[in-house]
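What follows is one structure encoded as structure tokens, with my remarks underneath.
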Amino acid sequence: MRKAFKSFKDFIEICSRIESTSSILKKQEILAGFLKTLSRDEIKPFIMLISGKIFEKEERELGIGYRSVLSVLKRGKIRPLLEEGPISMVDVYKRLVRISEIKGESSIAKKRMMLHGLYNMLSSEEREYLTRIIFGEVRIGASEGLILKSIAEAIKAPLDEVKRAYLMIGDLGETAEIALIGGRNGLKRIKMKVFNPVKPMLATQARDVKEALISAGGRAAVEFKYDGARVQVHVKDEVLRIYSRSLIDLTQSFFDLADELKGKIRAKEAIVDGEVVAFSENGKPLPFQILVRRIKRIRKLPEIAERIPVRIFLFDVLYVDGKTLIDRPYMERIRVLESIANPDILAHRIITSDLKKAEDFYERAIKLGHEGVVVKNLLAPYILGSRERTWLKVKPAETLDLVIVGAEWGHGRRKGWLSDYYLAVYDDERDKLEIVGKTFKGLTDDEFREITRRLLSLKVAEEGNT
DNA sequence: GATGTCTGCCC
DNA sequence: ATTCTGC
DNA sequence: GCAGAATGGGCAGACATC
């Protein structure tokens, strides 16, 4: 027998109640209460809609963005509420899934048509929320953290249990389903699994090596920080997959690396963490912009792969042959990593309490063309998906004397300022300036204001946006 | 086939 | 990625 | 200090349009 699903209007009502209370505890109570009333088929759609994600782990994209919504809204003829009866929350979710599935010729027109149809069934308030869901901007104060708390409250489980489960499966909807249907026992059964990527641990910034070494406990590991893409490698028997920081499968983009790695990780099953870096023929690391040409590339991938060879540098291990290692101290994980991985795929690292040695190591990293170093506490566990102070990255504030030779007007928040500067180095031998790149980073808003003022006073020409 | 628009994801 | 803001 | 929200450039693919 089919259960009576909650209507989309009920959903909107919950959203607006949550939005209009400022108390976090109250929000949590409302959410937890609503979660308990849902039937099992409604849990996932509800979570996805309220978190504004629609899809999390699935390899799916909506293909509807700002432009499409605008065009549909402009079409007008949207009348509040036709006589079709209330649409259910699950139905709205299913329609969004269907829109995402449309592909091929005139798919954009079809997507927009379906979206138009959906808008036509909604009241103006409902339309407003749907638009926000599509943009992933629900912003009612029901973000990831609050949803996790609400799930915990709904099943009377400690927050840590829910969080742990969420981090292992990486999907809020699934976590809610397991928690609400299977309870605490269900959550406890969740384990880290190969080919189920998890959110990587992140580092916080430190001013210099000295500060980092002190805050990491005096004696610490110092690793090269590479200018590349963070990846997680999963292996089981002869199958190997490479995932991005946001859990996207990048195995195809790095097919050559994937092949090479199969022979270099000696474990039946493993999940390891590292950085993929592009290298030039002469063994020098190439900047991230070069590497990114391979990411999600399909056209002429084999040629590009040959022209842009990549290497990987592993610096952690989360799981090996049935054992989850994330709660183990850093040193222990490193020992395991060294026992299963070939030395040539390991990140460069020293362990020291000597500031001079750490600083020399940092200088060496820079000299070799890397970004800097990451200083790591030897006892730190691997906290999934979290930016921790047990890992401290140190990057140079300035390494080159550059001249700004051009600038573009900024967009959005930087409108009215010159951002995105063309930088040049002075070439002594040829007595001229050579453009070496562009940047937009590293400045505060005040500095942008100041630079804009100074650049305008030095301006020699303006052309279009540049 | 070339070019432009839109979207999503790497930093 | 960086930066700002409210807690 | 933290989490969340808002912001940046640049890349590639899918599709639309000419």
Side-chain angles (χ1 to χ4, degrees), chain A residues 22-25 51-55 59-71 99-100 102-112 132 134-149 163 200 202-205 215 225-231 242-250 252-254 275-278 287-301 304 308 371 383 385-389 393 395 407-423 437-449 465-466:
Chain A
S22 56
S23 154
I24 289 175
L25 284 174
S51 62
K53 288 186 182 161
I54 311 181
F55 310 117
E59 308 265 325
R60 270 204 211 122
E61 285 165 5
L62 192 56
I64 290 279
Y66 173 74
R67 216 65 199 176
S68 291
V69 170
L70 208 71
S71 107
I99 288 174
S100 81
I102 302 172
K103 289 199 165 65
E105 205 169 317
S106 36
S107 62
I108 292 179
K110 285 179 196 158
K111 279 172 193 272
R112 289 180 182 180
R132 287 159 68 172
I134 288 169
F135 289 147
E137 294 171 352
V138 182
R139 269 180 243 155
I140 53 175
S143 47
E144 202 175 283
L146 186 83
I147 293 172
L148 289 171
K149 283 183 199 160
K163 265 191 184 160
L202 307 171
T204 52
Q205 264 174 323
S215 67
K225 184 181 192 307
Y226 305 91
D227 186 14
R230 182 78 178 269
V231 294
I242 300 173
Y243 301 95
S244 76
R245 189 181 141 182
S246 61
L247 317 188
I248 303 291
D249 191 331
L250 296 179
Q252 270 318 299
S253 305
F254 300 120
E275 187 95 359
V276 170
V277 188
F288 173 76
Q289 280 97 320
I290 304 293
L291 176 75
V292 85
R293 292 188 195 143
R294 282 189 62 163
I295 294 176
K296 295 208 96 186
R297 181 158 194 135
I298 297 169
R299 290 194 291 251
K300 295 186 180 174
L301 179 60
I304 293 286
I308 309 175
E371 263 197 319
I383 314 274
S386 173
R387 197 174 287 283
E388 291 292 318
R389 301 184 59 206
K393 53 181 170 184
K395 291 193 269 186
E408 289 177 11
W409 288 107
H411 306 277
R413 208 166 68 85
R414 295 190 184 177
K415 215 178 176 79
W417 299 337
L418 287 166
S419 94
D420 206 25
Y421 308 114
Y422 290 87
L423 301 171
K438 271 170 82 170
T439 186
F440 58 95
K441 290 201 275 192
L443 294 178
T444 65
D445 288 0
D446 286 341
E447 287 167 326
F448 273 116
R449 248 174 244 126
N465 195 36
T466 307

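Per chain, numbering begins at 1; letters A, B, ... match sequence-line order.
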I295(A): partners by side chain to side chain contact (heavy atoms under 4.5 Å, CB included), with sequence neighbours left out:
A229(A), L250(A), F254(A), V292(A)
Going by side chain to side chain contact (heavy atoms under 4.5 Å, CB included), name the residues that satisfy it together with I304(A), two or more places apart in sequence or in a different chain.
R294(A), R297(A), R307(A), I308(A)
Looking at residues at least two apart in the chain, or sitting in another chain, which of them share a side chain to side chain contact (heavy atoms under 4.5 Å, CB included) with R389(A)?
T204(A)
Whole angstroms only, please: what is the CG-C1' distance between L291(A) and dG10(D)?
13 Å
Sequence-distant partners of S386(A), side-chain hydrogen bond (donor to acceptor under 3.5 Å, both in side chains), two or more places apart
E388(A)
Round to a whole Å and report the spacing from CD1 of I248(A) to P of dA12(D).
17 Å
Please enumerate all residues that pass side chain to side chain contact (heavy atoms under 4.5 Å, CB included) together with K393(A), with sequence neighbours excluded.
A203(A), Q205(A), K225(A), V374(A), R387(A)
Looking at every strand, decide which applies to E388(A) at a 4.0 Å heavy-atom threshold: base, sugar-phosphate, or nothing.
nothing
Using a cut-off of 4.0 Å between protein heavy atoms and nucleotide atoms, how would you tag nucleotides 13-18 of chain D 5' to 3' with B, S and -?
SSSS--
So which protein nitrogen or oxygen atoms get under 3.5 Å of nucleotides 5-7 of chain C's nitrogens or oxygens?
none

Please list, chain by chain and in numerical order, all residues satisfying ring pair (Phe, Tyr, Trp, His ring centres under 6.0 Å) with F288(A), sequence neighbours excluded.
none
Salt bridge (charged side-chain N to carboxylate O under 4.0 Å, His left out) involving R230(A) - partner list, sequence neighbours excluded:
D273(A)
